[in-house]
Amino acid sequence: MAKTVLITGSSRGIGAETAKVFAKHDFNVIINYVSNAAAAKELKQELEEKYHIKVLTIKCDVSNENEVIEMLHTIEKEMGGIDVLINNAGIAIDSTLEDKKVTDFKRILDVNLIGTYNTCKHFGQKMLERRSGSIVNISSTNGIDSFYPYSMDYDASKAGVISLTHNFALSYAPFVRVNSIAPGWVNTEMNKELDEEYIKEECQHILLDRFAEPKEIANEIYHIAVESTYLNDSIIKVDGGRC
């Protein structure tokens, strides 16, 4: 019987690539999005035609607990639940300290941190009832050791995701594995506006001398979620050897 994965924020970028990797391994896929319905629909069609799996698209703002509960009910009805949860939804609003607004700070925490809490809580409890499941939370090296004052709100949210990972791993043991992946620089839409000179400078601090591609991160996510069956309560850095 095919297993099912829910990937939050999966209409584009790392989330979309992760959906493709899981589909390639015969998982049914739930694509979660907030505003990009067209991209979600296009990805759904691609996965169904190429891999002949069941794909469900759901609009849900994970920072809204009521919407998460509604998404859970829909998935239980349509797919019978999930086996793997990938908490990928995230935003960043970079600015100088002088220009940084509390409202922006709160929005980042709501999506990146509260959103991860909402899904871990409600979907994780269902996994615990079934005594089986795997959760991977997408953090960042920004939450560990590569801090940027322009993104201190993002950094704080990703550090919080790491803390949530530890606490949910303790709460759901031994039946549900909860881990986190912490990517460094990735060639995603979030980083497309970076200055070329800045990218060159950053690459000088990366042993592999380049940013990661989304597919590379997606492959690691699948490995942690499915193949690393003895991995639990771990934070895995995937940063090309940043030094």
Side-chain angles (χ1 to χ4, degrees), residues 8-17 32-36 39 59-68 86-121 137-168 180-214 216-217 235-243:
T8 67
S10 50
S11 63
R12 61 184 182 179
I14 293 172
E17 290 298 327
N32 160 247
Y33 69 96
V34 175
S35 59
N36 204 339
K59 180 179 180 179
C60 172
D61 180 351
V62 293
S63 70
N64 185 314
E65 185 176 21
N66 289 332
E67 290 190 23
V68 170
I86 309 298
N87 279 308
N88 172 73
I91 60 172
I93 308 173
D94 289 352
S95 64
T96 63
L97 179 59
E98 291 76 17
D99 293 333
K100 201 167 288 293
K101 300 176 182 177
V102 171
T103 51
D104 290 340
F105 201 120
K106 287 182 177 179
R107 180 56 183 161
I108 288 171
L109 291 179
D110 281 344
V111 175
N112 298 2
L113 185 57
I114 301 302
T116 298
Y117 169 79
N118 284 337
T119 53
C120 279
K121 176 184 177 181
N137 298 323
I138 312 303
S139 182
S140 169
T141 54
N142 288 55
I144 302 174
D145 57 12
S146 55
F147 308 114
Y148 294 90
Y150 276 54
S151 59
M152 62 172 62
D153 36 16
Y154 178 83
D155 296 2
S157 73
K158 291 303 185 178
V161 167
I162 289 171
S163 178
L164 284 182
T165 298
H166 293 311
N167 281 292
F168 275 113
S180 179
I181 184 172
W185 285 112
V186 185
N187 284 321
T188 60
E189 188 172 331
M190 187 181 291
N191 296 321
K192 69 179 182 179
E193 301 298 332
L194 291 175
D195 180 82
E196 286 188 19
E197 203 57 43
Y198 180 77
I199 293 175
K200 288 181 181 179
E201 291 176 4
E202 286 297 310
C203 286
Q204 291 176 5
H205 300 287
I206 300 172
L207 295 180
L208 292 182
D209 196 32
R210 63 178 177 84
F211 285 13
E213 294 302 324
E216 292 177 298
I217 304 302
I235 314 301
I236 309 300
K237 289 176 64 176
V238 184
D239 61 1
R242 190 179 188 280
C243 57

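Since this is a predicted model, take the numbers as computed values, not measurements.
With a 6.0 Å radius and a threshold of 12 heavy atoms from other residues, nucleotides or ligands, Y150 has its OH atom at or below the threshold. No more than 12 heavy-atom neighbours from other residues, nucleotides or ligands sit within 6.0 angstrom of CZ on R12.
With contacts defined as side-chain heavy-atom distances shorter than 4.5 Å, the pair L97/M152 qualifies. Between I235 and H166 the shortest side-chain heavy-atom distance falls below 4.5 Å. Contact check for K237 versus D145: side-chain heavy atoms found under the 4.5 Å cut-off. A 4.5 Å side-chain heavy-atom check between L194 and F211 finds at least one atom pair inside the cut-off.
In this structure, CD1 in I138 is found 7.5 Å from NZ in K158, a value given to the nearest 0.5 Å. Here CG of N66 is found 10.0 Å from SG of C60. Values are rounded to the nearest 0.5 Å. Here the CD1-CG distance, from I162 to N167, works out to 12.5 Å after rounding to the nearest 0.5 Å. Going from atom CG of N36 over to atom OG of S10 covers 11.0 Å, rounded to the nearest 0.5 Å. Considering CG of D155 and CZ of F147, their distance stands at 7.0 Å, rounded to 0.5 Å.
Scanning all heavy atoms of the two residues, the minimum distance from A182 to I144 falls at CB-CD1, 3.7 Å. Closest non-hydrogen pair, S139 versus V161, comes out as CB-CG1, 4.1 Å. Between I14 and T188 the shortest heavy-atom distance is CG1-CG2, 4.0 Å. When every heavy atom of R107 is checked against every heavy atom of D61, the shortest pair comes out as NH2-OD2, 3.4 Å. The two residues P183 and I181 come nearest to each other via the heavy atoms CD-O, 3.3 Å. The minimum heavy-atom distance between A212 and I217, with the atom names listed, is CB-CD1, 4.0 Å.
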Contacts table for residues 89-96: side-chain donor-acceptor under 3.5 angstrom, sequence neighbours left out:
{"from": "S95", "atom 1": "OG", "to": "K100", "atom 2": "NZ", "distance (Å)": "3.4"}
{"from": "T96", "atom 1": "OG1", "to": "D99", "atom 2": "N", "distance (Å)": "3.2"}
{"from": "T96", "atom 1": "OG1", "to": "D99", "atom 2": "OD2", "distance (Å)": "3.1"}

Can you give the donor-acceptor pairs under 3.5 Å from side chains of residues 199-209 to other protein atoms, not counting sequence neighbours?
{"from": "E202", "atom 1": "OE1", "to": "Y148", "atom 2": "OH", "distance (Å)": "2.8"}
{"from": "E202", "atom 1": "OE1", "to": "W185", "atom 2": "NE1", "distance (Å)": "2.8"}

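Remark: the T119 side chain and the N87 side chain contain an N/O donor-acceptor pair separated by less than 3.5 Å. No side-chain donor from either of T116 and N137 sits under 3.5 Å from a side-chain acceptor of the other.
The main-chain N or O of S146 is never found under 3.5 Å from a side-chain atom of T141 such that the two would form a donor-acceptor pair.
Under the side chain to side chain contact (heavy atoms under 4.5 Å, CB included) criterion, K101 pairs with T103, D104, sequence neighbours left out.
Here the rule is side-chain contact (heavy atoms from CB on, under 4.5 Å) with S157, and of N142, N112, D110, I114 only N112 fits it.
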